[in-house]
Amino acid sequence: MSTATTELRRFLTITGQRFNNGQLAPEMFSPAVDAAWHELLGTPQYAALCQETAGRPIGHAATGGHGPISWVTAYEEAYGPLPEIWFTDADGNVDQEAIAHYRATGTVVAEWDCGPIGGDDVAPDRPETARR
């Protein structure tokens, strides 16, 4: 299993916990982890992964924003510090400035353009051609 897929599993677990607690969806700020998500969307493996990790179907939708990443503490409590893959773009380039900021402060401030939703794989307002 790739690092990105391992991190997607962890992200979906946190997503399920947040949804169960009535919290907002976590922000998907890693292009590398998001790329692994896109590879699985719509497959039977993804449906099984969602049930295993989140206990429910988890969809994918355009939800852009910028700011503090709300789920870092929950991640660290469960898994330890965020690994480098969270600061890696889809081409494999690590944002050294962002990871240094995280390691120094324990916070992540980032941009995101998608996130999880309850339900089907892809929201109806998000055509397949709009995916990164």
Side-chain angles (χ1 to χ4, degrees):
M1 181 179 309
S2 75
T3 301
T5 303
T6 296
E7 291 306 307
L8 177 61
R9 292 178 66 83
R10 292 174 174 182
F11 179 79
L12 292 173
T13 299
I14 288 171
T15 298
Q17 292 166 350
R18 288 179 67 93
F19 285 173
N20 289 343
N21 292 331
Q23 295 174 291
L24 295 174
E27 308 85 1
M28 172 50 75
F29 71 95
S30 170
V33 178
D34 188 44
W37 196 4
H38 281 274
E39 287 179 22
L40 288 172
L41 282 170
T43 67
Q45 294 89 342
Y46 181 69
L49 179 64
C50 288
Q51 284 300 319
E52 179 186 332
T53 59
R56 64 168 73 193
I58 300 294
H60 181 282
T63 56
H66 179 273
I69 301 303
S70 62
W71 52 271
V72 172
T73 300
Y75 181 99
E76 291 171 336
E77 288 171 356
Y79 308 111
L82 288 170
E84 197 171 82
I85 192 78
W86 282 102
F87 304 92
T88 303
D89 69 18
D91 296 322
N93 302 306
V94 177
D95 183 339
Q96 295 295 341
E97 187 177 319
I99 201 166
H101 175 81
Y102 165 64
R103 288 179 176 157
T105 65
T107 61
V108 177
V109 177
E111 290 184 29
W112 61 90
D113 63 8
C114 64
I117 57 171
D120 297 330
D121 284 353
V122 180
D125 65 340
R126 181 128 170 100
E128 293 293 315
T129 55
R131 297 193 304 182
R132 292 196 268 157

Under a single-linkage definition using a 4.5 Å side-chain heavy-atom cutoff for Ile, Leu, Val, Met, Phe, Trp and Tyr, are Ile69 and Tyr79 assigned to the same hydrophobic cluster?
yes
What pairs with Tyr102 under ring-ring contact (aromatic ring centres under 6.0 Å, His included), at least two apart in sequence or on another chain?
Phe87
Should Val109 and Ile85 be regarded as members of a common hydrophobic cluster, given that ILVMFWY residues are connected when their side-chain heavy atoms come within less than 4.5 Å of each other, either directly or indirectly?
no
CD-CD distance between Glu84 and Gln96, expressed to the nearest 0.5 angstrom:
6.0 Å
Can you tell me how the ring of Phe29 sits relative to the ring of Trp71, calling it parallel under 30°, perpendicular over 60° and tilted otherwise?
tilted
Looking only at non-hydrogen atoms, find the nearest pair between Pro31 and Ala90 and report the distance.
CB-N, 3.5 Å
Partners passing side chain to side chain contact (heavy atoms under 4.5 Å, CB included) against Thr5 (at least two apart in sequence or in another chain):
Met1, Ser2, Ala36
Any non-hydrogen side-chain atom of Asp89 less than 4.5 Å from a side-chain atom of Asp95?
no
Heavy-atom pair of closest approach, residues Phe19 and Leu24:
CE2-C, 4.5 Å
Testing Asp34, Thr13, Leu40 for side chain to side chain contact (heavy atoms under 4.5 Å, CB included) with Leu8, which one passes?
Leu40
Heavy-atom check, side chain of Pro81 versus side chain of Trp86, under 4.5 Å
no
Locate the shortest heavy-atom distance separating Gly106 from Glu76; write the atom from each residue and the value.
O-OE2, 4.3 Å
Return the CE to NE2 distance between Met28 and His38, rounded to the nearest 0.5 Å.
8.5 Å
Does the side chain to side chain contact (heavy atoms under 4.5 Å, CB included) test come out yes or no for Val108 and His101, once each step is laid out?
CA-CA 7 Å; Val108 177; His101 175 81; over 6 Å; no
Whether Thr88 side chain and Ala32 backbone form a donor-acceptor pair below 3.5 Å:
no
Aromatic rings Tyr46 and Trp37: how do their planes relate, parallel, tilted or perpendicular, breaks at 30° and 60°?
tilted
Taking every heavy atom of Arg18 against every heavy atom of Ala25, the minimum-distance pair comes out as NE-C, 4.1 Å
Looking only at heavy atoms, what is the nearest atom pair of Phe11 and Glu27, with distance?
CE1-O, 3.6 Å
N/O donor-acceptor pairs under 3.5 Å from side chains in residues 50-58, not counting sequence neighbours:
| residue | atom | partner | partner atom | Å |
| --- | --- | --- | --- | --- |
| Glu52 | OE2 | Arg9 | NH2 | 2.2 |
| Thr53 | OG1 | Leu49 | O | 2.8 |
| Arg56 | NH2 | Asn20 | OD1 | 2.6 |

Quick check for you: to the nearest 0.5 Å, what is the distance between Ser70 atom OG and Gln23 atom CD?
7.5 Å
Exercise: identify the closest heavy-atom pair between Gly67 and Trp112:
N-CZ3, 3.5 Å
Is any side-chain heavy atom of Ser30 less than 4.5 Å from a side-chain heavy atom of Glu7?
no
